[in-house]
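This report refers to the structure that appears directly beneath it.
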Amino acid sequence: MTNNKKHLALIIDDEPDIRELLELTLLRMGVDTRSAGDLGEAHVLLAEQNFDICLTDMRLPDGNGIDLVRHVQKHRPGMPIAVITAHGSMESAIEALKAGAFDFVSKPVELQVLRELVKTALRLAESGRAPGDEEPSLTLLGRSPAMQAIRTTIAKLARSQAPVYISGESGTGKELVARLIHAQGPRAEHAFVPVNCGAIPTELMESELFGHKKGSFTGANADKDGLFQAANGGTLFLDEVADLPLHMQVKLLRAIQEKAVRPIGAQRETHVDVRILSATHKNLAQLVREGRFREDLYYRINVIELQVPSLRERPEDIPELVEHILERLGRQLGGSVPHLSDAALDRLLDYPFPGNVRELENILERAITLCEGDVITPAELGLPEPLPAEENEGNNGANLDDYVNEREKEAILKALEQTRHNKTAAARLLGISFRALRYRLKKLGLD
C-alpha cells in the first residue's frame, strides 16, 4: 500500500462460508471488510460508508448482482465492483462486464486469482492519475468530436478489466489506443505486450503464445515463457487477431476463460493474470458468419468494441496531425524541416487517405526528402492518382503503400537504366536531389 489509509471492501454473498473465505483472504491482505447477505443489506451499507472495492455474487435472494453493478455505475462510478459467477457461466460474466463490472472471478474461487483481482482494483484507488491523463509519449491527437469521444471512452475502459476489441481501418492508430487503455489503467506499471498474430508462423504460434518446456520438441533446448507469461500482471494486445488459425483460436479461448496457459510439454496449467485487448482491420463479424473465426471467441474478446475513426471521418484534425508529424521528423533529422504551403494543406484536406494516419506520415516523410526549399508544394506531396477499383478493394492502406512504392521503384530503375546507373544523372533525370535518390534507394531496398 502506498499510504497509511486502510482500504475497505464490501462483500455480498448469501453463502456464509463464501463470505468468510473472502473476508479472511482480504483481511490477510490488509483490507478491512463489511459483508451483506443480499442486495437490501448491500444498499444500506453503501449508503452508510465509502468503499474502495465491492465483490458481489451474481445470484442473490432478492435480485441479481448485475443490478448492483448498474447501481454502482450510476451512483459510485469510481468504485470498482467485481462479480462472482458460477463456474463455466461465461455468459453471465460477459453480461456483468458489459454492464460496467471491473472484473469477475468464478466459483470455486481461486484465492490467487482473487488476490490479484483485488490488488489491481486497489491500484485504481491509490492512483493519482486523473481520468483521461495521457503519458507524454502517448498522445492521441485531434480535437474533432470523434476523437474527444474516443479519449473519454479510453479513460472509462482503462478503469475496467473487460476485454476490448478495437476495430478500424489500417493505419488509424489501433495500437496507440490499446497502449493508452493500458497506460491509464491499474496495470500501467506492468508490461504491455503487443503481438501481431499474422506475423507468427503457424507452427510456432502455440510456443510463442504459451511457452514450452525443454525437450518438448526438436529445438526446444531450454524452458521458454510465452507472451502470455511475459504480459503477466499487464496487458496482452492481440493485433490482427483475425489472422489466428482456427486451432489456435480454440487454445486462446481456453486461456482467456481459465486465466491459465499450458506450455507445450508441461503437465499442468500455469495461472496468468493478463488483460486482453485485441484489434484487426478486418470485419470480424463477417468472418464469424463465414465460419473463419470462432463465434465463442468473438464474443469473449468483443465484450466492449471501440471503433477508431478513419482520417477521412475527421479531416479537421489534419492540420494538427501535420504539425505534430513535421515536428517529430524535424527532431529525428536534427534540424528544421520545410512547412506546408496553404495549397499543399488544402490538397491534403481534399485527399481521402485510404491509409489513414500512417499514410499521412509516409506522405510527409517523402515530401521532406524530395523538397529542395523551405516550403512543401502540392506537387512534392506526390499524392497518387485514384487507384483502379480492383486494386483499391478493401480500402487497405497497405495496398496503397505497395502501389506507390512499386511505381517509385519502376521510375527509379528506369532512370538508372537510362543513365547507365549514374546516380547523379539519374537524380537529375528524376528531378530530385542526389541525397533524395540515395534515401529512396535505401528505403526501397535498391541500394
Student check: side-chain heavy atoms of Arg123 and Glu189 closer than 4.5 Å: no

Side chain of Arg187, backbone of Gly233: donor and acceptor closer than 3.5 Å? yes

Once rounded to the nearest 0.5 Å, what's the spacing between atom CG of Asp239 and atom CD of Glu175? 6.0 Å

Separation between OG1 (Thr56) and CG (Asp13), nearest 0.5 Å, reads 7.5 Å

Does a side chain donor of either Glu313 or Ser310 reach within less than 3.5 Å of an acceptor in the other side chain? yes

For the pair His43 (side chain) and Leu68 (backbone), establish whether a donor and an acceptor sit closer than 3.5 Å, ignoring hydrogens and angles. no

Heavy-atom closest pair, residues Arg151 and Leu141: NH1-C, 4.1 Å

Carboxylate-amine/guanidinium proximity below 4.0 Å for Asp57 and Lys107: yes

Do any N or O atoms from the side chain of Thr235 and from the backbone of Ala231 form a donor-acceptor pair under 3.5 angstrom? no

Ring geometry between Phe228 and Phe210 (parallel below 30°, tilted from 30 to 60°, perpendicular above 60°): tilted

Is it true that a side-chain atom of Gln73 and a backbone atom of Gly100 form a donor plus acceptor pair closer than 3.5 Å? yes

If only atom types and distance count, is the side chain of Glu116 paired as donor or acceptor with the main-chain N or O of Val113 below 3.5 Å? no

Under the criterion side-chain hydrogen bond (donor to acceptor under 3.5 Å, both in side chains), I'd like the reasoning laid out for Ser35 against Glu23: C-alpha separation, chi angles, the key distance, then a yes or no. CA-CA 8 Å; Ser35 64; Glu23 288 170 349; 2.8 Å; yes

Donor-acceptor check, side chain of Asp223 to backbone of Lys214, threshold 3.5 angstrom: yes or no? yes

Which atom of Cys54 lies closest to which atom of Ile12, heavy atoms considered: SG-CD1, 3.5 Å

Could you walk me through whether Leu287 and Thr280 pass side-chain contact (heavy atoms from CB on, under 4.5 Å), step by step? CA-CA 11 Å; Leu287 295 179; Thr280 182; over 6 Å; no

Which distance, rounded to the nearest 0.5 Å, do you find between the NZ of Lys251 and the CG of Leu209? 11.0 Å

When you measure from the side chain of Glu240 to the backbone of Gly198, do you find a donor-acceptor pair of N or O atoms at a distance under 3.5 Å? no

Does any non-hydrogen side-chain atom of Pro145 lie less than 4.5 Å from one of Glu316? yes

For a 4.5 angstrom cut-off between non-hydrogen side-chain atoms, does Leu321 reach Arg314? yes

Short question: side chain of Asp62, backbone of Asp38 - any donor-acceptor pair under 3.5 Å? no

Is there side-chain contact between Ile304 and Thr153, with at least one heavy-atom pair below 4.5 Å? no

Quick one: do Met147 and Glu320 satisfy side-chain contact (heavy atoms from CB on, under 4.5 Å)? Show the steps, please. CA-CA 12 Å; Met147 296 313 290; Glu320 182 182 356; over 6 Å; no

Result for side-chain contact (heavy atoms from CB on, under 4.5 Å) between Thr25 and one of Leu111, Val109, Thr33, Val31 points to Leu111

With no hydrogens and no angle check, do the side chains of Arg289 and Gln286 hold a donor and an acceptor under 3.5 Å apart? yes

Closest heavy-atom pair and its distance - His212, Ser207: ND1-OG, 2.7 Å

Student check: side-chain heavy atoms of Arg275 and Ser160 closer than 4.5 Å: yes

Taking 4.0 angstrom as the limit, do Lys259 and Glu110 come out as a salt bridge? no

Looking at CG of Leu117 and CD1 of Ile84, how far apart are the two atoms once the value is rounded to the nearest 0.5 Å? 9.5 Å

With a 4.5 Å cut-off on side-chain heavy atoms, are Phe104 and Met90 touching? yes

Mind listing the closest non-hydrogen atom pair of Phe51 and Ala9 along with its distance? CD2-C, 3.6 Å

Is the Phe353 ring parallel, tilted or perpendicular to the Tyr351 ring (thresholds 30°, 60°)? perpendicular

Is the shortest side-chain heavy-atom distance between Glu169 and His281 below 4.5 Å? no

Could you tell me if the side chain of Val357 sits less than 4.5 Å from the side chain of Leu176, heavy atoms only? no

Distance-minimising heavy-atom pair for Val83 and Ala101: CG1-CB, 4.4 Å

With a 3.5 Å distance limit and no angle check, can you tell me whether Arg76 reaches the backbone of Leu46 through a side-chain donor-acceptor pair? yes

Between Arg159 and Gly78 (side chain of the first, backbone of the second, donor and acceptor by atom type, cut-off under 3.5 Å), is there such a pair? yes

Nearest 0.5 Å, what's the CD-CG distance between Gln161 and Asp273? 7.5 Å

May I ask you to decide whether Lys224 forms a salt bridge with Glu208, counting only side-chain N to carboxylate O separations under 4.0 Å? yes

Rounded to the nearest 0.5 Å, how far apart are CZ of Arg59 and CD1 of Ile66? 11.0 Å

Say whether Asn356 and Thr172, considering side chains only, have a donor N or O and an acceptor N or O under 3.5 Å apart. no

Of the non-hydrogen atoms in Val322 and Leu340, which two are nearest, and what is the gap between them? CG1-CD1, 3.3 Å

Is the NZ or CZ atom of Lys98 positioned over Tyr299's six-membered ring, under 6.0 angstrom from the centre and within 45° of the axis? no

Would you please test His271 and Glu258 for side-chain hydrogen bond (donor to acceptor under 3.5 Å, both in side chains) and show each step? CA-CA 8 Å; His271 171 73; Glu258 301 300 324; over 6 Å; no

